[in-house]
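As structure tokens, the structure follows; a few thoughts come after it.
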Amino acid sequence: MSEETNLTMEALASLCKRRGFIYQTSEPYGGLNGFWDYGPLGCELKRNIREAWWRAMVHRRNDVVGLDSAIIMHPRVWEASGHLEGFTDPMVDCRACRRRFRADQLCEEQGAKLQKVPDGRLRLPEGMKCPSCGSPDLTEPRSFNLMFKTFVGPVEDASAVAYLRPETAQGIFVDFPTIVNTSRVKVPFGIAQIGKAFRNEINPRNFTFRSREFEQMELEYFVRPGTDAQWHEYWVNERIKWYASIGLPEGRLHRYVYAADELAHYASACVDITYEFPFGTQELEGIAARGDYDLRRHQEYSGKSFEYFDAETNERYLPHVIEPSAGVDRIALALLCEAYREEWVPTAGVQGGAIPATPGGTPPTGYEPRIVMRLAPCVAPFKAAVFPLLKNKPPLVERAQRLFEDLRRRWPVFYDEQGAIGRRYRRQDEIGTPFGVTVDFQTLDDDTVTIRDRDTMAQVRVPAAEVAARIEAALGTV
RNA sequence: GCGAGCGUAGCUCAGUGGUAGAGCUCCACCUUGCCAAGGUGGAUGUCGUGGGUUCAAAUCCCAUCGCUCGCUCCA
């Protein structure tokens, strides 16, 4: 990683805290690794992401319904899903020095291979030694589950064990028969869900990118067996389009297509949509063709039928599923990375536009630095800010407040009369507000105001009555 | 999880055993006729936390929590 990108992530984290987007949880207690709080601006950003997704995936489609299932489900769900066995890293402990190591890693280092015994358990080959102290006195490989465990009811015994969901998808699969029976849906159709999920990650890293508590937006789209490939391709394309609509251009997104030997045994295809973060190109969303694996497993483990009766073909079958699964927090982080700019802008009297700042440099004569978040208007926390040009002139203040009250009925809008007008513009630049609407002395004559564009800093004068329509147009169709 | 580095005000940081600081930010008033940092006044830190050494600890030692980087892992 270069020094420059390093600086950028630090600068972004610093701005996120300074302006109230995202910061560590439980700060007075020293923080807690892998958990984050979204402040006043961050929670608006996240709401906007969720709402844009829900509109695109549910409200504007005829073939998808929504769901909000419980975070804690019957523990057998996680046996059926494979999470109880699959979500583990086998570890061995050294009895001599009490250190703990990854079993597969330890074997590989010593030129051996972890052995599997017939009952499915893992065993160390002969002659393995502790990499730390050299003792051969090692425990058998043991699994440490990445699911958070808790107890249901007052008694903390084995029969009361439950887990916080490590993904939202299983709620959809488990509810599949009920939704089919109650919602008049017909294959192909989808069930969408947004919600928190929890994984006890060994190593949270890269700001919020890998967290222990995170939020997913998942669609399970059920299709006729045999149509998997075409629907998979359809959803990959749909999702890329959606990212563009919230301000992540296709140029910075990539598709990582899984090779045959990388796929889970039940999957026929998987494509990750990745984004060029400063710390590397990393996944935002995975789109997998999972066959009928999930429904089949729940049918087996529950003993109930998960089959679908297709009235068109008069067949009974387990639908196959395409799963676009996105992380809200990762999308929020990508949007913040994409939007963040340090610029040098001309001061009064200097011609020309803003130039990108050199990290750590000082602006040339006639320029001064600004930080601007170029968030797409549809995801920006505030859609506009309203200012009286001067706060000590009551008619300006009164008219500005009236305009503010008018606009806030429709969108989150910010009002500010504090300090010089230029400073107020800059404050809004840093939090990504796309428009600054200023009431000045001419407003008192003809009721026009100026609208200042965040990105170009250019101003246009329009009738106050047209401001709402201008904002609406900028929000687009998202 | 391992190794290395780091933790002082909201932010960026100075302060290496002897009375906690600067710049920016923030608040009040003034000023200000469109792009921040003009005036006056003000607020904010038991120096991440807990122990220990010492007459005395932000400073030295131990533990712990957190952050960054590398390895590892993964969504």
Side-chain angles (χ1 to χ4, degrees), chain A residues 1-3 5-7 9-11 13-20 23-35 39 87 89 91-93 99-102 104-106 108-109 131-132 144 146 166-167 169 197 199-207 209-212 214-216 218 270 272-274 279 282-286 288 325-330 345-350 354 368-372 387-393 396 418-430 436-444 449-454 456-459 461:
Chain A
M1 177 179 299
S2 79
E3 200 106 350
T5 49
N6 192 357
L7 275 173
M9 271 321 272
E10 280 172 18
S14 168
L15 177 114
C16 282
K17 181 175 183 189
R18 184 156 39 96
R19 291 304 191 186
Y23 41 84
Q24 257 192 326
T25 193
S26 311
E27 283 236 292
Y29 293 95
L32 188 61
N33 194 6
F35 298 91
F87 253 69
D89 285 319
M91 309 289 283
V92 293
D93 291 316
R99 285 172 191 273
R100 179 173 290 170
F101 307 93
R102 284 267 314 274
D104 53 340
Q105 202 175 320
L106 181 144
E108 195 175 338
E109 276 169 14
S132 174
F144 291 83
L146 292 185
E167 61 174 33
R199 292 183 197 177
N200 203 355
E201 288 294 338
I202 291 173
N203 191 3
R205 213 34 99 74
N206 287 330
F207 199 20
F209 184 80
R210 178 166 297 115
S211 302
R212 292 186 164 125
F214 57 103
E215 193 161 7
Q216 291 184 307
E218 294 194 298
C270 188
D272 283 351
I273 298 176
T274 61
F279 48 81
Q282 299 277 353
E283 178 187 352
L284 295 179
E285 168 161 355
S325 168
V328 184
D329 310 85
R330 290 180 171 191
V345 298
T347 50
V350 176
E368 56 192 16
R370 77 157 178 168
I371 291 174
V372 56
F387 314 116
L389 183 59
L390 297 173
K391 78 164 171 181
N392 59 357
K393 300 287 185 289
L396 294 181
Q418 184 65 43
I421 188 73
R423 172 189 291 265
R424 284 178 266 163
Y425 288 144
R426 295 299 167 80
R427 272 200 280 248
Q428 295 304 313
D429 288 345
E430 280 201 355
V437 182
T438 303
V439 169
D440 59 15
F441 290 96
Q442 189 176 332
T443 311
L444 302 179
V449 296
T450 61
I451 300 182
R452 179 260 196 189
D453 182 272
R454 174 196 66 199
T456 64
M457 299 169 73
Q459 286 177 295
R461 181 168 286 278

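All figures in this text were calculated on a predicted structure; none of them were measured in a lab. Naming: A, B, ... by sequence-line order, numbering from 1 per chain.
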So, OP1 or OP2 of rC30(B): does either fall under 4.0 Å of a side-chain N or O from N392(A)?
no

Within this structure, what is the OG1-CD1 distance for the pair T438(A) and I421(A), rounded to the nearest 0.5 Å?
4.0 Å

Would the base of rC35(B) count as contacting R370(A) through its side chain, where contact means a donor and an acceptor less than 3.5 Å apart?
no

Below the 4.0 Å mark, does rC11(B) have OP1 or OP2 next to a side-chain nitrogen or oxygen of K17(A)?
yes

According to a strict under-4.0 Å criterion, is N33(A) in side-chain N/O contact with OP1 or OP2 of rC67(B)?
yes

Can you find a side chain N or O atom of R423(A) that sits less than 4.0 Å from OP1 or OP2 on rU25(B)?
yes

When all nucleic acid strands are considered with a 4.0 Å heavy-atom cut-off, which category describes Q24(A): base, sugar-phosphate, or nothing?
sugar-phosphate

Applying a 4.0 Å non-hydrogen cut-off, can you work out what F207(A) is touching in the nucleic acid: base, sugar-phosphate, or nothing?
sugar-phosphate

Taking rG45(B) as the reference, what is the distance to rU19(B) when you measure between their C1' atoms (whole Å, please)?
16 Å

For T438(A), answer base if it contacts any base atom (sugar-phosphate contacts may also be present), sugar-phosphate if it contacts only those atoms, and nothing otherwise; contact means non-hydrogen atoms under 4.0 Å.
base

Working to the nearest 0.5 Å, report the span between CZ of R330(A) and OG1 of T274(A).
11.5 Å

May I ask you to check whether Y425(A) and F387(A) place their ring centers less than 6.0 Å from one another?
yes

Is there a side-chain contact between K391(A) and the phosphate of rC29(B), meaning an N or O under 4.0 Å from OP1 or OP2?
yes

Which part of the nucleic acid does R452(A) contact within heavy-atom distance under 4.0 Å: base, sugar-phosphate only, or nothing?
base

Give me the distance, rounded to whole Å, that separates rU49(B) from rG7(B) when you measure between the P atoms they each carry.
13 Å

Is S325(A) touching bases, backbone alone, or none of the nucleic acid, heavy atoms closer than 4.0 Å?
nothing

NA contact type, Q418(A), heavy-atom cut-off 4.0 Å: base, sugar-phosphate, or nothing?
sugar-phosphate

For S211(A), which contact category applies under a 4.0 Å heavy-atom criterion: base, sugar-phosphate, or nothing?
base

Can you check the distance between rA9(B) and rU64(B), where both ends of the measurement are the P atom (answer in whole Å)?
24 Å

Rounded to the nearest 0.5 Å, what separation is found between the CZ atom of R212(A) and the OG1 atom of T25(A)?
13.0 Å

May I ask you to say what F214(A) touches in the nucleic acid, namely base, sugar-phosphate or nothing, with a heavy-atom cut-off under 4.0 Å?
base

Given rC34(B), is OP1 or OP2 found less than 4.0 Å from the side-chain N or O atoms of R461(A)?
no

